[in-house]
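Chain naming here is simple, since letters A, B, ... match the order of the sequence lines and numbering starts at 1 in each.
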Protein chains: 2
Amino acid sequence: MKLITKNTDYAVRALIYISRSGKRIVPASELIDALVVPRPFLRKILQILNKKGVLKSYKGKSGGFELARAAEEISLVDLIEIFQGQFTLAECLFRRKICPNTGTCALRNSLSVVEEKVVEQLKPITVKSLASFNGR
Amino acid sequence: MKLITKNTDYAVRALIYISRSGKRIVPASELIDALVVPRPFLRKILQILNKKGVLKSYKGKSGGFELARAAEEISLVDLIEIFQGQFTLAECLFRRKICPNTGTCALRNSLSVVEEKVVEQLKPITVKSLASFNGR
DNA sequence: TAAAATGATACCATATTAGTATCATTTTGT
DNA sequence: ACAAAATGATACTAATATGGTATCATTTTA
Ligand code: FES
Ligand code: FES
């Protein structure tokens, strides 16, 4: 059970790198060198982040990417949802095999709570907070 | 992001069925008819549950499966862990790219908390509690 | 105006999940 | 005794999701 897949992982690392290098526009090539991740894969990821409004891209000679929002406004949950889809923990598992068909489902309610808890815990983990770990 | 996969799903449903039918031994064929799930797939699942000590199997003519533990002692987390492996949410994502290599990792700590919360929420969801939903 | 960047898109590889098929072994009802 | 009815073991296939490549078009600016 992986919570975080490679694209989310790379996205986080790229965002941290950009965040640390000030507001300056960073080209993909620099990120690829710095993070040592596969070039076309990261490029795809950056394009997605651009479309989703997490990064802003600049084409042409001295182009690249910058954060479209403040680092503290980019949470891990946002990225997980972009690359791994909504948390659908509470989605009906049992296709009405368990729940009474009349009312709400106790199981579903339980799972909704789990979902909320996860989001609640992940929300404060932002690019900002991760960037300030000042690791190597 | 699926929390629960098919084998966990089918396992839960099989266990609920057995639980509801008293302490009686239930053969796989009955479960297959009742739950309308693919025969060889469910058989494999039942074998795993037997090996993991969730079910106890009886070979031969009027054999089948019974719960090896009380229904309230079989939690959804147990089944998820059997079929989908340990919750490794807190596994190192970034291969020391973020954390200081000296001490403990703030990110990892955050993710550990998430993990605990999930387990804490899922633990009280047991075969017993699910079986008593008395759905159809 | 060419170099350096991103955009779009189609493709391939690998891993995981889901499901099948076959045959051996055990038990028990008659 | 023995055949029927069950599980055990195991190897295989199919579908989907994840991870990664490759190519070419477009934009910008030094
Ligand atoms: S049966 Fe679907 S969540 Fe209750
Ligand atoms: S760098 Fe591995 S969890 Fe902190």
Side-chain angles (χ1 to χ4, degrees), chain A residues 1-14 18 24-33 35-68 79-86 88 93 95, chain B residues 1-14 18 24-33 35-68 79-86 88 93 95:
Chain A
M1 283 237 0
K2 258 186 302 189
L3 179 65
I4 290 172
T5 55
K6 280 289 172 68
N7 36 25
T8 304
D9 176 348
Y10 293 164
V12 172
R13 281 154 64 179
I18 295 169
R24 170 170 133 257
I25 293 168
V26 180
S29 51
E30 184 177 335
L31 292 167
I32 287 149
D33 290 350
L35 305 174
V36 195
V37 295
R39 163 176 281 276
F41 194 30
L42 187 66
R43 289 237 305 131
K44 192 163 69 173
I45 289 166
L46 294 171
Q47 286 183 9
I48 292 166
L49 289 173
N50 176 51
K51 277 184 188 155
K52 296 289 182 173
V54 174
L55 287 176
K56 185 166 188 331
S57 74
Y58 296 91
K59 286 186 186 177
K61 187 117 179 202
S62 50
F65 298 87
E66 72 178 351
L67 300 187
L79 302 171
I80 290 175
E81 287 183 351
I82 287 170
F83 293 104
Q84 300 164 238
Q86 277 282 130
T88 55
L93 316 171
R95 326 254 144 210
Chain B
M1 281 231 4
K2 256 186 304 187
L3 179 65
I4 289 172
T5 55
K6 281 290 173 70
N7 37 23
T8 304
D9 175 347
Y10 293 165
V12 172
R13 280 155 60 179
I18 295 170
R24 166 169 138 259
I25 293 167
V26 180
S29 51
E30 185 177 336
L31 292 168
I32 288 149
D33 290 350
L35 305 174
V36 197
V37 296
R39 161 174 282 275
F41 193 29
L42 187 66
R43 291 235 307 128
K44 192 162 70 173
I45 289 166
L46 295 170
Q47 287 182 10
I48 291 167
L49 290 173
N50 176 51
K51 278 184 186 155
K52 296 289 184 176
V54 175
L55 287 176
K56 183 164 188 332
S57 75
Y58 296 92
K59 286 188 186 177
K61 188 116 180 204
S62 50
F65 298 87
E66 73 179 350
L67 300 187
L79 302 172
I80 291 176
E81 288 184 351
I82 287 171
F83 293 104
Q84 299 165 237
Q86 276 285 129
T88 56
L93 316 171
R95 326 258 147 207

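Taking 4.0 angstrom as the limit, A:K2 places a side-chain polar atom (N or O) nearer than this to OP1 or OP2 of D:dG19. Using a 4.0 Å cut-off, no side-chain N or O of B:T5 falls inside it from OP1 or OP2 of C:dT16. In this model, the phosphate group of D:dG19 is not approached by any side-chain N or O of A:Y10 to a distance below 4.0 Å at OP1 or OP2. A sub-4.0 Å separation between OP1 or OP2 of D:dA6 and a side-chain N or O of B:S57 is absent.
Of the residues in residues 46-55 of chain A, those placing a heavy atom less than 4.0 Å from an atom of DNA chain C are A:Q47, A:N50, A:K51, in numerical order.
Residues passing the side-chain contact (heavy atoms from CB on, under 4.5 Å) test with B:A14 are B:L31, B:L35, B:L42, B:L46, sequence neighbours excluded.
Atom CD of A:E30 and atom C1' of C:dT6 are 16 Å apart (whole Å). Taking atom CZ of A:F83 as the reference point, atom C1' of D:dG20 lies 14 Å away to the nearest angstrom. Nucleotide D:dA6 holds its C1' atom 14 Å from the CD1 atom of B:I18, rounded to whole Å. Straight-line distance from the CG atom of A:L31 to the P atom of C:dA5: 12 Å, rounded to whole Å. A straight line from CD1 of A:I45 to P of D:dT21 spans 11 Å, rounded to a whole angstrom. Going from atom NZ of B:K56 over to atom P of D:dA6 covers 18 Å, rounded to whole Å. For B:D33 and D:dA6, the CG to C1' distance is 14 Å, given to the nearest whole Å. In this structure, B:I4 places its CD1 atom 14 Å from P of C:dT17, rounding to the nearest Å.
Heavy-atom distances to DNA chain C give each of A:S62 and B:G63 a nearest nucleotide, and the one nearer the 5′ end belongs to A:S62. Comparing A:N7 and B:V26 by the nucleotide of DNA chain D whose heavy atom lies nearest to each, the residue mapping closer to the 5' end is B:V26.
Closest heavy-atom contact between A:I4 and A:D9: CG2-N, 4.0 Å. Across all their heavy atoms, B:R24 and B:E30 have their closest contact at NH2-OE2, 2.9 Å.
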Could you run down the sub-3.5 Å N/O contacts of the protein with nucleotides 22-27 of chain D?
none

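Listed for the A:Q84 side chain is no donor-acceptor partner under 3.5 Å among the backbone atoms of A:N7.
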